[in-house]
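Below: the structure, in structure tokens.
Read the numbers this way: they start at 1 and go in the same order the structure lists the ligands and their atoms. From a predicted model like this one, the values you see are computed outputs, not experimental measurements. What you see below is based on every heavy atom in this structure, not just the backbone, and it leaves out hydrogens, waters and symmetry mates.
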Amino acid sequence: MNNSQKLFDLAKSVSANAYAPYSNFHVGAAILSDSQKFYCGCNVENVSFPVGTCAESGAIATMIAGGDKKIKEILIYASSKDLIFPCGACRQRIAEFSSKETLVHLADDSGIKQTLTIEELLPYSFKEF
Ligand code: THU
């Protein structure tokens with residue numbers, strides 16, 4: 001199985017575990033790190049709405065806990081009519097652990113629909129101070 005298929009399968013299967021009783025919108029994210037390891041996460045909502053976390057946050061936290069710090073590719077999956085794009089905060093979260101080559105795949109039930117670099121999704125990001 002190739003990396004894209006593995007990322008898709010992981011993100012889709014973890015989306016089934018999303019805790020999303022308020023939006024009913026299940027999202028899964030899967031990461032391939034530069035050390036060729038796979039990580040994934042889902043969205044976890046909270047009755048105090050702003051406390052909820054996106055799938056991308058969960059996948060990044062799992063990658064950090066696993067000892068990796070660089071995202072080679074990340075795939076975001078949701079079973080929705082319109083393709084979803086990561087929110088602004090998640091673009092910044094992804095950028096923190098990305099290089100110029102990092103790929104962001106956007107997928108729905110039919111597979112990967114669009115692939116962009118994080119630079120395209122978040123140009124002029126805040127990097128250093
Ligand atoms: N959500 C994600 O997990 N990732 C995204 O890229 C967009 C939105 C979640 C947050 C919330 O639990 C639900 O989708 C509806 O906004």
Considering heavy atoms of the protein only, find what lies nearest to [atom] and give residue, atom and distance to 0.1 Å.
atom                   : answer
atom 8 (C) of ligand 1 : Cys54 SG, 4.2 Å
atom 7 (C) of ligand 1 : Ile84 CD1, 4.2 Å
atom 9 (C) of ligand 1 : Asn43 ND2, 3.6 Å

**Message:** If I apply the N/O under 3.5 Å rule, does Val27 come out as touching ligand 1?
**Reply:** no
**Asked** So, does Pro86 sit close enough to ligand 1 that a heavy atom of it is under 4.0 Å from the ligand?
**Response** yes
**Message:** Checking contacts here: is it the side chain or the backbone of Ser23 that comes within 4.0 Å of ligand 1, counting heavy atoms only? Could be both or neither.
**Reply:** side chain
**Message:** If I compare all heavy atoms of Ala16 with all of His26, which pair ends up nearest, and what's the gap?
**Reply:** O-ND1, 4.2 Å
**Complete:** Tightest non-hydrogen contact, residues Pro123 and Leu121, listed as CD-C, 3.6 Å
Can you name the atoms of ligand 1, numbered from 1 with element, that are less than 4.0 Å from a heavy atom of [X]?
X     : value
Glu56 : 2 (C), 3 (O), 4 (N), 5 (C), 6 (O)
Glu45 : 11 (C), 12 (O), 13 (C)
Ala55 : 2 (C), 3 (O)

**Item:** Flag for Asp82-Ser80: side-chain donor and acceptor within less than 3.5 Å
**Value:** no
**Item:** Separation between CG of Leu116 and CG of Leu122, rounded to the nearest 0.5 Å
**Value:** 12.0 Å
**Item:** Spacing of CG belonging to Leu106 relative to CD1 belonging to Ile74, to within rounding of 0.5 Å
**Value:** 10.0 Å
**Message:** Would you call the rings of Phe129 and Phe126 parallel, tilted or perpendicular, taking 30° and 60° as the class edges?
**Reply:** parallel
**Prompt:** Can you check whether a protein heavy atom sits less than 4.0 angstrom from atom 12 (O) of ligand 1?
**Reply:** yes
**Request:** Step through the shown structure and confirm whether more than 12 heavy atoms of other residues, nucleotides or ligands are within 6.0 Å of NZ on Lys113.
**Result:** no
